[in-house]
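Presented below is the structure to which this report refers.
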Amino acid sequence: MKKLFGISILAIIALAAASCAREETTNREQAQEEYLAKWVETNYPEAQKHPDGFYYISYPGTKAGAKTPAQDNWVKIQAVGRTLDGHVFYNTDPELSKVLGTYSHLIHYVPEYLAYYEKSSKLTPAQYTALGMMAEGDSVKIIMPSRLGYKNKGYSNSYGFGGNVTLAAVKPAILDMKLVEVVEDPLATERNQALRYAIDSLGLTANDTIGSGVYFKKLTSKPGNELLHKDSLAFINYAGYFLDGFLIDTNIDTIAVRHNRYNPTSSSTYMPINLQYALIPALKQIYGVLRYEEEAVLVFDSRYGFALAGNYASIPVIYGLTPLTCYIKVYKKTSE
């Protein structure tokens, strides 16, 4: 291949194309921000412009001793995201969901629980900066260009907090956000939550554990039955809950009915499952503790659940560093 001053012609073409793409992006962003400035002036003239380029209106709270998030704290936030024409694309408020017609009994309507750090994929750049200006109880309206918002991905929530529209890629957006709580030590907090639940709801003590931190209460005893060991073939019925009692998942039909979660078209859903396939590490702690046909309740922090990442494929979504509780009964066969 011919070279021109040591650089291949194809390389020159590639560099030129990249330069054109950058220039096109810059021009598009500039045009959008010029439009947004005029839109804000007309619709929210009281909004202030942050040096980063987004607009905001602050609504201070009144919480005494309110904390401001620091790097690597965790935050609980409530938010509603809207397009510039007022359509909702994101929402954690159950009452608004009922108005929009998007309410579902499968969704756990609680504040989002997120790690607060600059490169978080769960926070937009404008959100991250705005949260750093807030204290617990404060609210803010953020009007953000796409480069400080949802960028070229837009927003289409697949785990239940969507609105009545999706946000298209490269579009500005409005976010009404409240900082509910700042959690400075999330690991200690969730372990204390699990302990308090074990004591207050199950009557256990701090020493009633199996493994190294799974609180355990046996509900039925079958002393003559075979004790489970790691090579045992065992099947379980289970029901997993958040600590507020909201059902996450179950393969027990009566519990599914009680929580309005029963699916009559999927009878196989309500059969005992092989313990070896259980997703939650806490369940593996019952080896050497439970016998066939015994029942128990477990309470555990995220070390034995879904860890730091949580489970965003679940409906309801399970946030990271979230303690859970689980009822379990063990069988030797799937038909028992």
Side-chain angles (χ1 to χ4, degrees), residues 72-79 81 90-92 94 97 102-117 119-124 127 153 155-162 180-181 183 186-194 197 211-215 236-252 255-256 259-263 266 268-286 297-328:
D72 296 324
N73 287 169
W74 279 56
V75 293
K76 292 184 179 181
I77 58 173
Q78 291 176 326
Y90 164 76
N91 169 48
T92 58
S97 293
T102 60
Y103 179 84
S104 171
H105 63 276
L106 303 178
I107 306 304
H108 193 215
Y109 289 98
V110 295
E112 281 202 271
Y113 188 42
L114 307 170
Y116 178 73
Y117 63 98
K119 300 300 182 182
S120 170
S121 63
K122 300 293 191 300
L123 294 169
T124 70
Q127 266 185 294
K153 295 182 179 179
Y155 190 90
S156 178
N157 191 308
S158 60
Y159 55 90
F161 290 143
V180 177
E181 185 180 354
V183 180
L187 296 177
T189 296
E190 65 156 337
R191 292 174 189 178
N192 185 61
Q193 289 171 337
Y197 183 92
S212 59
V214 177
Y215 299 99
I236 59 170
N237 275 344
Y238 69 91
Y241 302 87
F242 294 106
L243 298 192
D244 63 4
F246 192 94
L247 179 67
I248 300 170
D249 186 30
T250 185
N251 65 344
I252 304 170
I255 292 179
H259 290 266
N260 196 24
R261 299 283 292 273
Y262 183 73
N263 181 359
S266 182
S268 62
T269 300
Y270 304 107
M271 297 288 290
I273 66 167
N274 191 321
L275 179 58
Q276 293 292 335
Y277 301 146
L279 296 177
I280 300 176
L283 299 182
K284 305 300 176 65
Q285 302 298 312
I286 67 171
V297 175
L298 312 177
V299 183
F300 46 93
D301 61 56
S302 65
R303 289 175 296 170
Y304 298 94
F306 293 94
L308 189 70
N311 186 356
Y312 283 79
S314 165
I315 294 181
V317 64
I318 302 169
Y319 296 122
L321 303 186
T322 296
L324 305 172
T325 182
C326 187
Y327 161 83
I328 184 173

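The structure presented is a predicted model; accordingly, all values stated were derived computationally and were not measured.
Between I318 and F242, the closest side-chain pair of non-hydrogen atoms falls below 4.5 Å. In this structure, the side chains of V110 and F246 stay at 4.5 Å or more apart for every pair of heavy atoms.
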Steps toward side chain to side chain contact (heavy atoms under 4.5 Å, CB included) verdict (L283, C326): CA-CA 9 Å; L283 299 182; C326 187; 4.0 Å; yes
Candidate pair Y304 and S212, rule side chain to side chain donor-acceptor pair (under 3.5 Å), full reasoning: CA-CA 10 Å; Y304 298 94; S212 59; 2.4 Å; yes
Evaluation steps, side chain to side chain donor-acceptor pair (under 3.5 Å), between D249 and Y238: CA-CA 8 Å; D249 186 30; Y238 69 91; 2.7 Å; yes
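Residue T189 holds its OG1 atom at 7.5 Å from CD of E181, rounded to the nearest 0.5 Å. Atom-to-atom distance recorded for L275:CG and I328:CD1 is 6.0 Å, nearest 0.5 angstrom. A distance of 7.0 Å separates CG in L324 from CG in L243, rounded to the nearest 0.5 Å. Note that CG of L308 and OG1 of T322 are 10.5 Å apart. Values are rounded to the nearest 0.5 Å. Taken from CD1 in I315 to OG in S104, the straight-line distance is 7.5 Å, to the nearest 0.5 Å.
N251 places a side-chain N or O within 3.5 Å of a backbone atom of M271 that can act as its donor or acceptor partner. Proximity of a side-chain donor or acceptor of R303 to a complementary backbone N or O of P281 within less than 3.5 Å is not detected. Under a 3.5 Å cut-off, the side chain of N311 and the backbone N or O of G305 do not form any donor-acceptor pair. T92 contributes no side-chain N or O that, together with a main-chain N or O of Q78, makes up a donor-acceptor pair within less than 3.5 Å. Between the side chain of H105 and the main chain of N260, a donor-acceptor pair closer than 3.5 Å is present.
Taking the six-membered ring for Trp and the full ring otherwise, the centers of Y215 and Y197 sit at least 6.0 Å from each other.
Closest of all the heavy-atom pairs between A278 and I236 is CB-CD1, 4.5 Å. Of all non-hydrogen atoms in L321 and P186, the two that sit nearest each other are CD1-CB, 3.5 Å. Shortest non-hydrogen contact noted between L298 and A282 is CD1-O, 3.8 Å. The two atoms that bring V317 and F161 nearest to each other are CG1-CE1, 4.3 Å, heavy atoms only. Nearest heavy atoms, I252 versus T250: N-OG1, 3.0 Å. Across Y241 and I248, no two heavy atoms sit closer than the pair C-CD1, 3.7 Å.
For NZ of K284, the number of neighbouring non-hydrogen atoms (other residues, nucleotides, ligands) closer than 6.0 Å is greater than 12.
Relative ring orientation between Y109 and Y103 is described as parallel, the plane-to-plane angle staying below 30° on a 0-90° scale split at 30° and 60°. A tilted orientation is assigned to the rings of W74 and Y113, their planes being inclined by 30° to 60°.
Side-chain polar atoms of Y270 and N263 form no donor-acceptor pair below 3.5 angstrom. No side-chain donor-acceptor contact under 3.5 Å links S302 and Y319.
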